[in-house]
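Since the structure comes first, as structure tokens, the remarks are kept for the end.
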Amino acid sequence: MKRFHNIINGKRIVSRSNETVVSVNPATEKPIASFPKGTAQDVHSAINAAEKAAEEWSATPPPKRGQILLRAAQILRKEKQNLGRLVTMEMGKVLPEGLGDVQESIDMLEYASGEGRRLFGHTTTSELPDKVAITLRSHVGVMGLITPWNFPTAIPAWKLAPCLVCGNTAVFKPASDTPLCALKMVELLERAGLPKGVVNFVTGSGGVVGAEIVRNKKIRGISFTGSREVGEFVVKNAGIKKIGLELGGKNGIIVMDDADLGMAVDGIVFGAYGTTGQRCTATSRVIVHRKVRQKLERVLTARIKKLRLGNGLKQSTDVGPLINKAAVEKVHEYTRIGLEEDGARLVTGGKPAKVGGKGFFYRPTLFTNVTPDMRIAQEEIFGPTLGMIEVKNLDEAVDAMNSVSYGLSAAIYTNRIRNAMVLLWTVYRSGKFPFMHSSAPADKETAFDWKRGETIRTPASYWGVNVHLNSKRRKEMRSKMNLKGVGFCFLFVLLASLLTAGTGCGLSMDEERAMLDAERDVEQMQSELSIGGFGVFAFDMDQCIEDCKEDNENDGTIENLQVYCETRCKFREIFGGLNGANTVAY
Ligand code: NAD
């Protein structure tokens with residue numbers, strides 16, 4: 001078995017611990033490679049290297065940084081087959097998905113390379129004569145990048161590409177289940193010409209290596225993808241840092257009585273059992289109109305029973321293994337919870353399996369008689385388990401969709417455009433579902449960052465770079481600097497028009513007023529945060545709504561205080577997020 005090491009300042013360095021973690025093929029249980037079980041001292045060395053490399057890298061013109069990413073994408077295109085196979089071997093997803101993972105990395109590298117020519121700032125008017133108001137965007141510093149195992153090349157690319165094009169250097173810690181795929185991404189960047197020390201690679205446990213990255217004050221920003229629990233740890237322990245989090249999901253598909261059931265079943269099967277249910281956007285709830293529930297259950301069950309478990313490298317395999325033994329135990333515990341605590345009906349699956357006597361497999365599982373409050377309908381299972389919830393009408397369906405404490409993706413199968421628009425608008429208002437289809441892959445071009453408590457900074461799209469950039473707001477007079485904030489008018493108008501145009505719905509008076517008031521809130525936040533180093537992401541939606549209600553309860557001009565306050569706080573969060581006001585300033 002091949003033994004790999006950390007990469008610090010371009011050199012392969014043996015960890016001080018001398019202990020190793022071994023990555024294992026989850027379909028065969030055979031070891032693949034060993035990596036260091038890093039220590040806090042290894043992280044310190046990586047930070048020192050990243051700090052040293054920062055001066056030159058941040059001074060490299062962004063289009064030149066972008067060219068390195070583009071070269072990496074070109075190399076990766078040629079090596080897609082090999083790396084795709086490695087993704088399948090190390091993580092378990094079927095080969096077409098392994099290749100998709102690599103394609104996502106190529107797309108992300110290409111997309112981010114273009115950002116090197118688009119790191120626009122902003123100029124605006126000033127309220128004083130002889131004053132120029134300019135916002136420049138620049139790198140954050142040393143970033144800590146922490147990734148999960150379920151997209152073993154794509155998520156490293158989501159993090160590395162925007163981080164680097166913005167001029168940051170990095171300490172990168174991958175998940176211990178898929179370090180070899182992550183290493184290949186770092187080696188790829190080296191081959192494309194990335195200078196030494198710009199990315200430093202340290203493997204090891206989350207509790208040691210990850211926690212040190214989170215806590216260390218020399219790390220100025222964290223881009224993290226993983227579970228809600230660890231996301232909470234990051235928020236509590238990062239101190240004064242810029243933070244981007246992409247966390248778990250509890251996603252749903254609604255099937256209305258007028259839906260094309262064939263199309264719906266295709267979407268549900270891909271959404272629920274693709275990547276063996278181990279996607280943050282995986283469909284784990286199907287919310288079905290009662291008129292078609294029986295038929296959908298029948299057709300879906302027949303399809304699920306035909307799914308073939310196996311090694312993802314085999315063409316005949318539909319569903320690969322779970323990532324490891326602990327994952328099998330967790331998914332099986334949810335089968336017990338579904339049956340014994342929740343009282344749901346198990347239609348098919350519900351058992352661990354072996355293929356050729358090996359592997360961490362679990363049979364694709366369907367529960368019916370599920371209600372929105374059950375644990376299997378509320379908690380992220382992260383396996384091939386789907387719960388079917390029956391509803392009477394669209395209102396009930398939307399309530400069920402929004403009943404979770406966290407969402408991520410939502411979809412509807414219907415032939416009535418009104419149903420789709422109602423879902424779009426209501427899930428938007430819930431603030432929980434930034435993706436609109438749980439069966440479709442994420443687009444680099446779209447953002448998914450407006451979800452409270454979960455994904456709070458998108459890795460992709462035009463906004464993807466924001467986690468990796470500081471906005472330096474300057475209003476300069478001929479002789480004096482003034483650090484007050486920039487205007488939000490354009491963004492405000494843009495967002496308002498997008499929302500109204502996108503949904504075909506007008507805004508109520510309360511909502512319109514809430515948006516204007518939110519704009520003022522953010523200006524206030526900006527002027528408060530504009531001085532004195534970094535701010536932290538610390539927006540508390542519940543608190544915001546509570547405070548807003550208290551402040552405005554005697555205002556006779558607001559018709560619906562709840563709607564007004566929810567809207568005001570939501571827009572305050574969005575404005576703040578997009579403009580960096582509640583994350584970072586001078
Ligand atoms: P995880 O939270 O267990 O681990 C993620 C990473 O964090 C790993 O590298 C791990 O070693 C590290 N880590 C663990 N403890 C840490 C600590 N105390 N400090 C710092 N780092 C620590 O998640 P996972 O099991 O690897 O991945 C699955 C989770 O990721 C699911 O919840 C899934 O929904 C989520 N996910 C979200 C997205 C998204 O875009 N929203 C995408 C993929 C996965």
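Quick caveat: nothing in here was measured; it's all calculated off a predicted structure. Atoms within each ligand, like the ligands themselves, are counted from 1 in listed order.
Taking the six-membered ring for Trp and thresholds of 30 and 60 degrees, F201 and F35 have ring planes more than 60 degrees apart, a perpendicular arrangement. Aromatic ring pairs are classed by plane angle as parallel below 30°, tilted from 30° to 60° and perpendicular above 60°; the pair F151 and W158 is parallel.
Heavy-atom proximity to T225, at under 4.0 Å, picks out these atoms of ligand 1: 5 (C), 36 (N), 37 (C), 38 (C), 39 (C), 42 (C), 43 (C), 44 (C). Ligand-side atoms of ligand 1 in range of P174: 9 (O), range being under 4.0 angstrom from any heavy atom. The contact set between ligand 1 and S227, taken as ligand atoms under 4.0 Å from a residue heavy atom, comprises 1 (P), 2 (O), 3 (O), 23 (O), 29 (C), 30 (O), 32 (O). Atoms of ligand 1 found under 4.0 Å from any heavy atom of V230, numbered from 1 in the order shown, are 2 (O), 13 (N), 14 (C), 15 (N), 16 (C), 17 (C), 21 (N), 22 (C). Interface of I155 with ligand 1, defined as ligand atoms under 4.0 Å from a residue heavy atom, comprises 42 (C), 43 (C). Against a heavy-atom cut-off of under 4.0 Å, N150 is close to the following atoms of ligand 1: 43 (C), 44 (C). Which parts of ligand 1 touch F233 is read off a 4.0 Å heavy-atom cut-off, strictly below it: atoms 17 (C), 18 (N), 19 (N). For ligand 1 and A211, the ligand atoms under 4.0 Å from any heavy atom of the residue are 19 (N), 20 (C).
Contact annotation: A282 has no heavy atom less than 4.0 Å from any atom of ligand 1. Using a 4.0 angstrom heavy-atom cutoff, F151 does not count as in contact with ligand 1.
Contacts between W158 and ligand 1 below 4.0 angstrom, taking non-hydrogen atoms only, involve the side chain exclusively. Residue contacts with ligand 1, taken as heavy atom pairs separated by less than 4.0 Å, do not involve Q278 at all.
For a threshold of 3.5 Å applied to N or O pairs, the pair formed by S176 and ligand 1 contains no separation below that value. Taking only nitrogen or oxygen atoms, main chain and side chain alike, R279 does not reach within less than 3.5 Å of ligand 1. An N or O contact shorter than 3.5 Å is missing between R228 and ligand 1 by distance. Residue-to-ligand polar distances keep F224 apart from ligand 1: every N/O pair is separated by 3.5 Å or more.
In this structure a side-chain-to-backbone donor-acceptor pair under 3.5 Å is missing from K217 to K241. Of the possible polar contacts, none joining the D318 side chain to the L307 backbone as a donor-acceptor pair under 3.5 Å is found.
Considering L109, L83, T153 in turn, L109 is the only one that fulfils the side-chain contact (heavy atoms from CB on, under 4.5 Å) rule with L188.
Atom CG of L300 and atom CG of L366 lie 5.5 Å apart (nearest 0.5 Å). Residue I155 holds its CD1 atom at 8.5 Å from CD of E104, rounded to the nearest 0.5 Å.
Remark: T276 engages no residue in a side-chain hydrogen bond (donor to acceptor under 3.5 Å, both in side chains) (not counting sequence neighbours). Applying the side-chain hydrogen bond (donor to acceptor under 3.5 Å, both in side chains) test to E29 and every residue at least two apart in sequence or in another chain returns K354.
In this structure, of G206, G144, S205, the residue bringing a heavy atom nearest to atom 13 (N) of ligand 1 is G206. In the candidate list C280, A327, G210, G231, G210 is nearest to atom 21 (N) of ligand 1, counting heavy atoms.
Side-chain atoms of T365 and Y334 form no donor-acceptor pair, as typed in the model, at a separation below 3.5 Å.
R375 forms no cation-pi arrangement with F367, by the criterion of a distance under 6.0 Å to the ring centre and an angle within 45° of the ring axis.
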